[in-house]
Amino acid sequence: MYLLLAAHADGAALQELTAGGAPHPDAATPRVISAAELPGVVRQLEKRRPRWIWHRTQDWYPSLLAAGVELERCYDLTLCGAILAHSEFTAHTSYARNAEKLTLDDELQQPPQALLPPPPPADQDALFDDPGFRRAPRHTPEELREEFAAQQAALGDAGAAIPADNRQQRLQLLLAAESAGAMIAAEMQRTGVPWREELHEQILFDYLGPRPPQGHRPAKLEALNGALRQLLHSPALNPDSPQELMRALHRNGIEVKSTRQWELKESTHPAIEPLLEYKKLSRLHAANGWTWLDAWVKDGRFQPEYVVGGVVSGRWASRGGGALQIPRQIRGAVHADPGHKLIVADASQLEPRVLVALAQDSKMAEAARDKDLYAGIAAQGFGGDRAKAKVALLGAIYGATTGESGRLMPQLARTYPRAVGFVEQAAREGEAGRTVTTRLGRSSPPPSEGWLRSQQSATAEEQRRADSLARSRGRFTRNFVVQGSAADWAACWLAELRRRLRAMRTDGLPAGELVFFLHDEVMVHCPQDAVADCIVAIEGAANAAKELLFGRIPVEFPVSVAVVDSYDKAK
DNA sequence: CTTCCCAGCGCG
DNA sequence: AAAGCGCGCTGGGAAG
């Protein structure tokens, strides 16, 4: 059952559609529902387990959640439209050809915000107090219905070219997973990561000293700054200025081309150690210090905004608070509530395993049967040297050309011609200006106009520049197929896990809540007596994701699970 | 004063 | 050990 929810001047318009996107015979015209009665109506209709169709999940779902209405599944027209408009699986359809003049405005990205406190938790009326909501709806119900019908038609044609390839099922799975991801993002933002402010403050005190007045350096940084000024004979030095710092280093005979950590480490000058310490602490203070704590943690929860579809590869991005960059230093502040545990689960070595499955490299699959894939590869082709094997494989996925990683490539290619050939092929597609596609059908963006123009350059100098741009794009497409297919896997893992956790709740069992997701890692906050069942759900979902993407293949996707009180104890 | 870009570094 | 992919955020600094 498909139910379209569209904005309406008086609240919402609701219409039942067929799977193809036509109005259901019993619902020729949409039903208008006032804002006040919407949550109740939606709650009632949810009992029939519909798929809710809407322009953007983030416009509807947060307010429904705030009103206490949780839904099972949806279809996000914006996210799905973006996939269908660019996917190679639908490139031959009129939907893709008309993508330039999409009926929907694709404002996936909102203007970037400065560091602002997170919005207060929405209450039941928030949706309807929002002046944006009271504006004339951007799309009529009929426009949204037609958009859904067009997307369904494109999906229906996805398998036409190569039916045996299951392209239609794969793309359908991707659309469902992406829409589920949008719901999970809204739910996780509402729930938030359990964050103990007093533990965070203790960490800051230990590293930096007491909280300084606004705009001042903490004591430890001030002391390091004093030492640096002496050691570098620069009494007014501000080490936060790369230019000043560079000049001071040069004055003291430290000939670096940048002030990056790894380059500074080359020097043995006595100022280097305090300088690196200063940089580390200064970063903590600026990015995750007291100001961050004030702005982002409230009532024991960190509630970041996730941006589903924010990365071309299908990974999520985030907005505000740097949610996907929580440094190890402060992970001790992420702490389970009393009587609860954090389950931190991580798909080990996900990208190499995805490469094995994509390339169907049976030799590498033998190595991937081991819990430690790098050790398996080391045994097969690198004389047992695990570090070498890891650098070589990651280099193949990233497109390393120089350094140890680049030198190891021929050795890797000899042992695993299929796996290496797969990423090499993806690189060649990109260099030639073509697009590449993930397992489930998300395609890389086409090259820009400027890139295409650069490839027709005349002079030798221009040609060198063009070749460099081509190789750069090749590294991007090389990585895209692996990173993007790993994101496909992770989206299915997450959606499957949500389904299983919801089932536990429906069965009246104690169940955990998803509170964090980071590319190949999930965190579940969970009552102690639900831990065992949650782990079963996490592992079952991982296996389900593998079979959804690749069928029954002899490649393991092991999940490493840690049950901890605080995040720093995981890994 | 605001706006934009860069260098640097955090995460995977 | 080295600098190959994808992001967001900060402070500095130049430009308007």
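A note on names: the letters A, B, ... follow the listed sequences, proteins ahead of strands, and every chain is numbered from 1.
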- Query: How far apart are the C-alpha atoms of A:Thr438 and A:Ser443, what are their side-chain angles, what is the distance that settles it, and do they pass the side chain to side chain contact (heavy atoms under 4.5 Å, CB included) test?
  - Reply: CA-CA 6 Å; A:Thr438 68; A:Ser443 294; over 6 Å; no

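- Rounding to whole angstrom units, CD of residue A:Gln483 and P of B:dC11 are separated by 17 Å.
- For A:Ser318, the side-chain atoms get nearest to C:dG8 when compared with the rest of C:dG6, C:dA2, C:dG8.
- A:Thr259 has a side-chain polar atom (N or O) that falls below the 4.0 Å cut-off from OP1 or OP2 of B:dG8.
- In the set B:dC9, B:dG12, C:dG11, B:dG12 carries the atom at the smallest distance from any side-chain atom of A:Glu521.
- For A:Ser405, taking side-chain heavy atoms from C-beta onward, the closest of the listed nucleotides B:dA7, C:dC7, C:dG4 is C:dG4.
- Across the protein-nucleic acid pair, A:Phe302 atom CZ and C:dC9 atom C1' stand 12 Å apart, rounded to whole Å.
- Counting atom types as modelled, A:Trp262 pairs a side-chain N or O with a base atom of C:dA3 as donor and acceptor under 3.5 Å.
- For the pair A:Leu237 CG and C:dG12 C1', the computed distance is 13 Å after rounding to whole Å.
- Atom pair A:Phe517:CZ and B:dC11:C1' shows a separation of 13 Å (rounding to whole Å applied).
- Ring centroid separation for the pair A:Phe205 and A:Trp290 does not come in under the 6.0 Å cut-off.
- Across the protein-nucleic acid pair, A:Leu394 atom CG and B:dG12 atom P stand 14 Å apart, rounded to whole Å.
- Summarising the base pairing, C:dG16 is matched to B:dC1 through a Watson-Crick or G-U wobble pair whose two defining distances lie under 3.5 Å.
- For A:Gln214, the CD atom sits in a loose shell: 12 or fewer heavy atoms of surrounding residues, nucleotides or ligands are nearer than 6.0 Å.
- In A:Gln329, the CD atom is crowded: over 12 heavy atoms of neighbouring residues, nucleotides or ligands sit closer than 6.0 Å.
- Each of B:dG8, C:dG11, C:dG4 was ranked by its minimum atom distance to the side chain of A:Asp240; first place goes to C:dG11.
- In this structure, CZ of A:Arg473 is placed 17 Å from C1' of C:dG4, rounded to the nearest angstrom.
- Taking only side-chain atoms of A:Arg283, from C-beta outward, the nucleotide of C:dA1, C:dC5, C:dG8 with the closest atom is C:dG8.
- A salt bridge links A:Glu521 to A:Lys571: one of the charged nitrogens lies within less than 4.0 Å of a carboxylate oxygen.
- Residue A:Gln261 places at least one side-chain N or O closer than 4.0 Å to OP1 or OP2 of B:dG10.
- Across B:dG12, B:dG8, C:dC5, the shortest atom-to-atom separation from the side chain of A:Arg331 is found for B:dG12.
- Side-chain N/O atoms of A:Asn238 include one lying less than 4.0 angstrom from OP1 or OP2 on C:dG12.
- As rounded to whole Å, 14 Å separates atom P of B:dC9 from atom CD of A:Glu277.
- In this structure, of C:dC5, B:dC11, B:dG8, it is B:dC11 that holds the atom nearest to the side chain of A:Gln325.
- Closest approach to the A:Ala400 side chain among C:dG4, C:dC7, B:dC9 is made by C:dG4 (side chain taken as heavy atoms from C-beta onward).
- Considering only the side chain of A:His519, B:dG12 comes nearest among C:dG4, B:dG12, C:dG13.
- Figure legend: cation-pi geometry between A:Arg473 and A:Trp451, with NZ or CZ positioned under 6.0 Å from the six-membered ring centre and within 45° of its axis.
- Backbone-only contact: A:Arg260 has heavy atoms under 4.0 Å from sugar-phosphate atoms and none from a base.
- Considering only side-chain atoms of A:Arg328, the nucleotide from C:dA2, B:dG12, B:dG8 that sits closest is B:dG12.
- For C:dC5, one of the phosphate oxygens OP1 or OP2 lies less than 4.0 angstrom from a side-chain nitrogen or oxygen of A:Arg475.
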